[in-house]
Amino acid sequence: MPVPVILDCDPGHDDAFNILLAAAHPAIDLLAITTVAGNQTLEKTTLNARRVCAAAGVRGVPIAAGRDRPLHGPRRIAEDIHGASGLDGPGFAQGEPDVPLDPRDAVTLVRDVLLARPEPVTLVPTGPLTNIAVLLLAHPELAGRIERIVLMGGSTDRGNTTPAAEFNILCDPEAADIVFRSGVPVTMFGLNATHQARATPEVVARIAELGTPLSALCVDLLTYFATTYREVFGFDAPPLHDPLTVAHLIDPSLVTVVRAAVAVELNGTHTRGATLVDLHGVTGRPADVEVGMEVDTEGFWDLIVEAVRTLGGRGTTS
Ligand code: RIB
Ligand code: CA
């Protein structure tokens, strides 16, 4: 049976590929997409989610906008990585995409979807966790309708936005703390895993060879993403963080996982937003989080290329 999924995202180049993968693969039943401020402002991440769906011909999946700022602290964006639009690289058609914005806010849409489904739904957040935290705070009675939360965020070691903190967690540490301590099962794919999933020139060439308008758009996205990751981090190829979440749901063997206690640092002067992953059980806290570790990169990229092939030619890219 396909896994019923709601994506909560901040497109964002890698979020965009997660939308494609979830929409394309038969093992996933993509029920809804919600957006959050993160890589860019809420207005831009929401427009980008609609643009990606229009380009890929993804129809009938409601898209709703969520929170435009964290629960506490300043709003951050990652313009140096994703550009002024949040999805720089391709020449998207100007104006409104022909995929509508749902009139509900993100939390209302998720609540409605959870109440409408007989079986629990998997939430897949790949941006700051503000929407998920607000959902859990506003509707604690819905926690039993959430199968699990499979998120991209944090790291078992260093951060990427400060030496200690990864971007999604640092954007809203209080929200992340609420999610990790909610009691809902959490699977976490942090930088220690996602940095293995790099879009090498060979991968980009495989996508280019598909020869469709969508594959050309994907090449433009990855080419831009490669330039910023080279300029900012000195990477030889950009890591496609977010699709590890959906890839794991499709084929759990693609990424090894271990169970560990995870704590989010809220108060450290230099460490706020860090995820402290207790890999050796030294804290005595319950090892209640699944943490992604080793990636089968060949199998991962096969899924991504196949998703672009499957969707190719369905949408309108410009
Ligand atoms: O740190 C990487 C994460 O932050 C990814 O999800 C990226 O899209 C940004 O949201
Ligand atoms: Ca993201």
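Treat the numbers as computed from the prediction; the structure is a model and nothing was measured. Atoms within each ligand, like the ligands themselves, are counted from 1 in listed order.
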> Is the Ca ion (ligand 2) less than 3.0 Å from at least one N/O/S atom of Thr126?
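True for Thr126.
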> With a cut-off of 3.0 Å, does any N, O or S atom of Asp242 fall short of it relative to the Ca ion (ligand 2)?
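Under 3.0 Å: Asp242 contacts the Ca ion (ligand 2) through an N, O or S atom.
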> Pick out the protein N or O atoms lying less than 3.5 Å from any N or O of ligand 1, and list each pair with its distance.
| from | atom 1 | to | atom 2 | distance (Å) |
| --- | --- | --- | --- | --- |
| ligand 1 | 1 (O) | Asn160 | ND2 | 2.9 |
| ligand 1 | 1 (O) | Glu166 | OE2 | 2.6 |
| ligand 1 | 4 (O) | Asn168 | OD1 | 3.2 |
| ligand 1 | 6 (O) | Thr126 | O | 2.9 |
| ligand 1 | 6 (O) | Asn168 | ND2 | 3.0 |
| ligand 1 | 6 (O) | Asp242 | OD1 | 2.6 |
| ligand 1 | 6 (O) | Asp242 | OD2 | 3.2 |
| ligand 1 | 8 (O) | Asp14 | OD1 | 2.7 |
| ligand 1 | 8 (O) | Asp14 | OD2 | 3.1 |
| ligand 1 | 8 (O) | Asp15 | OD1 | 3.0 |
| ligand 1 | 8 (O) | Asn39 | ND2 | 3.0 |
| ligand 1 | 8 (O) | Asp242 | OD2 | 3.3 |
| ligand 1 | 10 (O) | Asp10 | OD1 | 3.2 |
| ligand 1 | 10 (O) | Asp10 | OD2 | 2.9 |
| ligand 1 | 10 (O) | Asn39 | OD1 | 3.4 |
| ligand 1 | 10 (O) | Asn39 | ND2 | 3.4 |
| ligand 1 | 10 (O) | Asn168 | OD1 | 2.8 |

> Do Thr245 and Asn18 have side-chain atoms, one donor and one acceptor, less than 3.5 Å apart?
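Yes, Asn18 and Thr245 have a side-chain donor paired with an acceptor closer than 3.5 Å.
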> Which word best sums up how the rings of His241 and Phe225 line up, parallel for under 30°, tilted for 30 to 60°, or perpendicular for over 60°?
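It falls in the perpendicular class, over 60°.
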> Sort out for me which residue in Leu87, Thr35, Asp242, Leu20 forms a side-chain contact (heavy atoms from CB on, under 4.5 Å) with Asp15.
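Result for side-chain contact (heavy atoms from CB on, under 4.5 Å) with Asp15: Asp242.
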> Between Glu290 and Thr187, is there a side-chain donor-acceptor contact under 3.5 Å, judged purely by atom types and distance?
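On atom types as modelled, these side chains qualify, holding a pair under 3.5 Å.
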> Please give me the minimum heavy-atom distance between Gly38 and Thr45, naming the atom from each residue.
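Nearest heavy atoms, Gly38 then Thr45: N-CG2, 4.4 Å.
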> So which N/O/S atom does Asp10 have closest to the Ca ion (ligand 2)?
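Nearest to the Ca ion (ligand 2) within Asp10's N, O and S set: OD1.
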> Both conditions, 6.0 Å and 45 degrees, for the charged tip of Arg76 above the ring of Phe167: are they met here?
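Here Arg76 fails the 6.0 Å and 45° test against Phe167.
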> Please confirm whether the backbone N or O of Glu43 pairs with a side-chain atom of Asp68, one donor and one acceptor, at under 3.5 Å?
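It does not hold such a pair.
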